[in-house]
Every structure is written in C-alpha cells, then in structure tokens.
Amino acid sequence: MAAAQIRPLVAGNWKMNGLSASLAEFGAMKASAAEFAGKADLMICPPAILIALFAATAKGSGLIVGGQDCHAKVSGAHTGDISAEMLADAGAVAVIVGHSERRTDHNETDAAVKAKALAAWRAGLTAIVCVGEQLSQREAGATLKVVGGQLDGSLPDADKSSDPVSANLVVAYEPVWAIGTGLTPTPADVAQVHAFIRGKLTERYGDAGAGVRILYGGSVKPSNAGELLTIPDVNGALIGGASLKAADFLGIAAVYR
Ligand code: 13P
C-alpha cells in the first residue's frame, strides 16, 4: 500500500484526566470532526468510565472513541479490570495496549501486551500497540534493538480469518523520554525508527504490514506537528497532554486538513 493511501490517525490519550464535565471539550472536538472526513481519523481515548458517554455523544460525527487498556480475558474474577468486550460494548472501536506507563506502573511484559492485543482483536477492536525506548537505551545506541524486541514480543500473529492488520492494528512509537517532557527526537531519528518499524511490519505481515498505521507520540503539539507528522512512515500521532484541549488537538490534526 502506498503511503498516500494510508489515512492518518490522530489519537488523543487522555490518561487519568477528565471528568463528566469534560464532555464540553469533547463536544468542541466533535463539532470539527467533519472537516477531517476522508482525510484523517480522529480518536479520543478517555478514562474508561467516560467511554459510553463520549461514544454516545460522538455517534455519527466522525470522531471515534477508544480505551486506554484492557484485560486479556473476556470476563472473570479480576477486580477493577475491564475487558476488551466491555470497551466495545461501551462504544469503543480501539484500545491502546502496552503504553509505557502501563509497562512501568503495572509491570506489563511484552507477552502481556500481546495477550491484550489479541483480546482487542477478539472483541473486534483495533489494537494500538505502543513501543519506545528509555533515555538510557537511546544513549546506549540500543533504540532499534529495544523497539525491535518490543515489536517481536508484543505484536500478535495475524489471524487470516479476521480483518487485515492494516485495519485492526496500529503501532505507536513513543520514546519514553519524550512523553510529557517537551522533548522530541530529531526528525531524522523519528524517520529512522519509523522506517525500521515499517520493515518489521512487512517482514511480519507481508504486504498487509505496509498499510499498518505507525503513529508518533511524545510531546506532540500544534507547534511541532507540521514537522513531525510529515516525516515518511509517520501516519499520525498519539497525543497526551495536548489532546485535553480541543484547540490543541484540532491544531495538531490540522496538518491533515
Ligand atoms: P504527551 O503528548 O503528553 O507527551 O504524551 C504522549 C503519550 O504518552 C501519549 O500516549
């Protein structure tokens, strides 16, 4: 699939931010979603308890809703956890798995992330699988080795009977040291890692891997979006802090308008 045929995805990860009153900010995003029809997909991943409210509000607007994490199992005795099926039932169409904050705060391994990605597929959700190196690993020249290992361990094998990976898989490259710090890699560094990820995806999934969206995440703002999102093999963004305000989120998405 040629790069020009990949429709970018601009996804906001609200992390542990937002209350029911945030519906107003979400509503402002929804009001502009139609401007991006056919040009980019716009998604917000709010805290799980807001998914049903947001998804019902956004219905038909073009703005879509995702989760931030899921349990690998369908149901059971797992207090406090939420299954992919529950997210889908609430109106989510995707779920982030393996975010570095989950990997760190909850000791999630590549194997756990892979199980969650498979759970997403089982529930009919797109899995947004996150990878990225720590600062010490970058400084040691180990970025590609780390990211390659995470991809090998976290990406599920494609199930021929399900949707192609170009539709149900997204990879987000988020250098851990760029998250919430205002720091970003150079465009050349982003280009290198994204080209490497593209190579891994086509090795793993054949031609379908060429259509998987690879997002960049880490301190994306309206002021740097033009530079970061036009790098080859950058097919959108995963945005934290700047996705909380409609003006910033839409200002980033405006690269594709
Ligand atoms: P920031 O955009 O706040 O750096 O967060 C990025 C991120 O972790 C998105 O998942």
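Indexing begins at 1, ligand by ligand and atom by atom, following the structure's order. Remember, it's a predicted structure, so these values are computed and weren't measured experimentally.
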Heavy-atom proximity to atom 5 (O) of ligand 1, picking from Lys221, Gln68, Lys15, Glu174, points to Lys15

Would you indicate whether Lys245, at its atom NZ, is surrounded by more than 12 heavy atoms from other residues, nucleotides or ligands within a distance under 6.0 Å? no

Answer with side chain, backbone, both or neither: which part of Asn13 has a heavy atom less than 4.0 angstrom from an atom of ligand 1? side chain

What's the shortest heavy-atom distance between Ala90 and Ala55, and which atoms? O-CB, 3.6 Å

Please name the pair of heavy atoms, one in Val113 and one in Ser154, separated by the smallest distance, quoted to 0.1 Å. CG1-CB, 3.8 Å

Nitrogen or oxygen atoms of [X] and ligand 1 under 3.5 Å apart:
{"X": "Leu238", "value": "no"}
{"X": "Gly240", "value": "yes"}
{"X": "Glu101", "value": "no"}

Say whether Ser32 and Arg257, considering side chains only, have a donor N or O and an acceptor N or O under 3.5 Å apart. no

Is there a donor-acceptor contact under 3.5 Å linking the side chains of Gln68 and His99? no

Interfacing atoms of ligand 1 (cut-off 4.0 Å, heavy-atom, [X]):
{"X": "Ser219", "answer": "1 (P), 2 (O), 4 (O)"}
{"X": "Gly218", "answer": "4 (O), 6 (C)"}
{"X": "Ala178", "answer": "4 (O)"}

Salt-bridge present (Lys145, Glu133; N to O < 4.0 Å): no

Nearest protein heavy-atom contact for atom 3 (O) of ligand 1: which residue, which atom, what distance? Gly241 N, 2.8 Å

What is the distance from atom CG of Asp41 to atom CZ of Arg213, rounded to the nearest 0.5 Å? 5.0 Å

Quick one: does Ser100 get a heavy atom under 4.0 Å from ligand 1? no

So, 4.0 Å and heavy atoms of Gly217: is ligand 1 close enough to count as a contact? no

